[in-house]
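If you're wondering where the values come from, they're calculated on a predicted model, not measured in any experiment. Letters go in sequence order (proteins before strands), and every chain restarts at 1.
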Amino acid sequence: MGAGHGHRLHYHGHSPLHRAPAHLKLLGLLGFMLVVVATPDHWFAAFGAYLLVLLGVVALSQVPPTYLLKRMVVEVPFVVFALVLPFVAYGEQVEVLGLSLSRPGLLAAFGILATATLGVLASLTLAATTEPQALLAGLERLRVPSLLVQIMSFMVRYLDVVTGEMQRMRVARESRGFSARDPRQWPVIARSTGALFIRSYERGERVHLAMLSRGYTGTMPEHGGHR
Amino acid sequence: MHVPDGFFDAPTSIATGVVAVVAIGVSLRGARRELDDRTAPMAGLVAAFVFAAQMLNFPVGAGTSGHLMGGAVAAVLVGPWTAVLATSVVFVVQTLMFADGGITAIGTNITVMGLATVVVGYGVFRGLQAVLPKRLALVPVLAGIGAFASVPVASLLFVALYAVGGAAPVPLDTLTTAMVGVHSLIGIGEGLITFLAVAGIIAVRPDLVRGARPVLAERTLEIRTETTGATA
């Protein structure tokens with residue numbers, strides 16, 4: 001496959017975690033997070049232990065912690081929700097720094113923050129140590145329906161192409177003096193969305209014809225089988 | 001705004017996971033009817049389109065902006081089965097490759113933001129299409145109404161799930177009012193953008209809009225015989 005299709009989160013490396021089979025990493029992540037989600041909120045020590053395990057895995061992966069930390073911003077909207085919880089939740093009220101807070105709300109806020117943080121960090125570690133192609137092969141090994149994996153691999157393959165097309169449309173709009181400030185500019189952006197759909201759809205048709213002309217019968221050839 | 005791990009308890013996450021798996025399984029069969037052996041490349045490209053469209057920001061004013069969720073618009077453009085597959089694939093890729101949304105919440109994300117928006121958006125669209133006159137100009141309007149309805153209904157589903165398996169005992173009436181209120185506003189944006197985008201596509205390639213096919217099928221070929229000016 002050509003250059004430039006590595007996804008934005010992947011961090012190139014040769015650690016044991018990078019070399020581990022993708023399907024084992026996927027199962028590991030799922031199992032780990034199911035255990036974390038099933039842990040009652042007040043088992044504070046357990047969450048500490050999970051964090052230590054996870055930090056050990058991160059250390060093993062040799063991905064710089066700052067690389068992962070910067071990408072944890074996706075969590076922010078739910079951090080806000082968690083911070084609001086103690087003020088709005090029911091239950092016994094406790095005084096903290098002169099504020100009346102709900103005890104179950106505080107506990108739930110801790111649970112959400114702890115679990116979501118562990119989840120984001122663990123998912124980031126998977127994404128940073130696994131190439132998209134390996135991830136797709138791992139899903140295939142886990143008996144995810146082949147058609148679904150094919151759809152996913154086409155999406156991953158053309159993601160940069162389609163977003164690149166969108167960027168070029170934006171450059172074209174802005175080089176003609178367009179700037180989007182309020183809803184009055186929506187018709188223009190919406191027409192770009194429409195054009196992007198037409199281009200994506202027609203590209204899909206061309207890809208399908210190209211596949212047919214190479215003997216596609218509904219199943220993909222084995223990955224890297226005969227090279 | 002993808003649901004992270006731990007937002008819902010384990011039984012709720014597993015239950016929505018089962019719903020998502022069943023929906024994807026049924027859609028895999030349904031999409032073969034919509035697209036036959038073109039399913040893999042077409043649904044893949046539609047998924048890439050939905051992903052890209054979610055990155056396209058629509059300014060609301062005062063420096064804030066929103067973006068399309070895309071479930072309803074995808075359903076009108078390519079049919080509900082393909083739309084379920086495309087949106088589900090988008091969530092799986094966002095979870096596994098972009099760490100956006102928790103892996104245990106993947107079923108919840110697919111059910112609430114993919115399945116529910118597609119079902120409601122397409123249901124409203126087809127329901128209105130059945131009772132209203134079949135006019136091409138109406139297709140974008142109905143698509144917009146469907147997209148508008150899909151957002152608050154999806155937020156209601158979120159509240160219902162929260163009532164069953166949420167992390168903290170929050171007063172549900174307040175949560176319902178806040179969520180549905182905010183998402184009705186978001187829905188207006190979703191509806192308007194969907195209307196404008198579908199209208200733009202219908203102007204150039206009406207044949208690509210699957211929801212317009214019943215309308216296009218009713219058109220008959222019109223041969224105009226009277227000639228004006230140049231006669232040959």
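Looking at B:V50, there are no atoms closer than 4.5 Å to chain A (heavy atoms on both sides), in backbone or side chain. Heavy atoms closer than 4.5 Å to chain B are found nowhere in A:L118, neither backbone nor side chain. B:S88 does not touch chain A: none of its heavy atoms, backbone or side chain, sits under 4.5 Å away. Contact annotation for B:I106: neither backbone nor side-chain heavy atoms come within less than 4.5 Å of a heavy atom of chain A. At a 4.5 Å heavy-atom cutoff, the contact between A:M33 and chain B is made by backbone and side-chain atoms alike. The contact between B:L85 and chain A is made entirely by side chain atoms (from C-beta outward), counting heavy-atom distances below 4.5 Å.
Nearest heavy atoms, A:P145 versus B:L28: CB-CD1, 3.8 Å. Closest approach of A:M155 to B:A48, counting heavy atoms only: CG-N, 3.7 Å. When all heavy atoms are compared, the tightest approach of B:P41 to A:M211 is CG-SD, 3.9 Å. Taking both residues in full, the closest heavy atoms of B:A52 and A:V162 are given as CB-CG1, 3.7 Å, listed atom of the first, atom of the second, then distance. In plain terms, the two heavy atoms of B:I201 and A:G194 that are nearest each other are CG1-CA, 3.5 Å. Nearest heavy-atom pair, B:M42 versus A:G204, reported as atom, atom and distance to 0.1 Å: SD-C, 3.3 Å.
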- Query: Step by step, would you call B:I193 with A:W186 a side chain to side chain contact (heavy atoms under 4.5 Å, CB included)?
  - Reply: CA-CA 7 Å; B:I193 297 164; A:W186 282 13; 4.0 Å; yes
- Message: Run B:V78 and A:F197 through side chain to side chain contact (heavy atoms under 4.5 Å, CB included) and show every step you take.
- Response: CA-CA 10 Å; B:V78 294; A:F197 171 74; 3.9 Å; yes
- Item | Trace of the side chain to side chain contact (heavy atoms under 4.5 Å, CB included) decision for A:R170 with B:L56 | CA-CA 10 Å; A:R170 187 178 59 80; B:L56 210 56; over 6 Å; no
- Should B:R205 and A:E202 be marked as a side chain to side chain contact (heavy atoms under 4.5 Å, CB included) after you check the CA-CA gap, both sets of side-chain angles, and the distance that decides it? CA-CA 11 Å; B:R205 289 290 303 270; A:E202 289 178 342; 2.2 Å; yes
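For the options A:E205, A:M72, A:Q185, A:E165, heavy-atom pairs under 4.5 Å to chain B are most numerous at A:E205. Contact tally against chain B (heavy-atom pairs below 4.5 Å) for A:L196, A:T125, A:V207, A:L121: the top residue is A:L196. Here A:A180 is the residue among A:A122, A:A180, A:A38 with the most heavy-atom pairs under 4.5 Å with chain B.
Separation of atoms CG (B:L196) and OG1 (A:T193) is listed at 9.0 Å; rounding is to 0.5 Å. Rounding to the nearest 0.5 angstrom, the gap separating the OG1 atom in B:T39 from the CZ atom in A:F154 is 11.0 Å. Between the CZ atom of B:F8 and the CD1 atom of A:I112 there is a distance of 9.0 Å, given to the nearest 0.5 Å. A distance of 6.0 Å separates CG of A:L26 from CD1 of B:I103, quoted to the nearest 0.5 Å. Separating the CG atom in A:L124 from the CZ atom in B:F98 is a distance of 11.5 Å, to the nearest 0.5 Å. Interatomic distance, A:L212 CG to B:R38 CZ, rounded to the nearest 0.5 Å: 10.5 Å.
Of the residues B:L96, B:V89, B:V90, the one that meets the side-chain contact (heavy atoms from CB on, under 4.5 Å) test with A:M152 is B:V89.
Side-chain contact between A:V36 and B:D5 is absent, with no heavy-atom pair separated by less than 4.5 Å.
Surrounding CZ of A:R141 are at most 12 heavy atoms belonging to other residues, nucleotides or ligands under 6.0 Å away.
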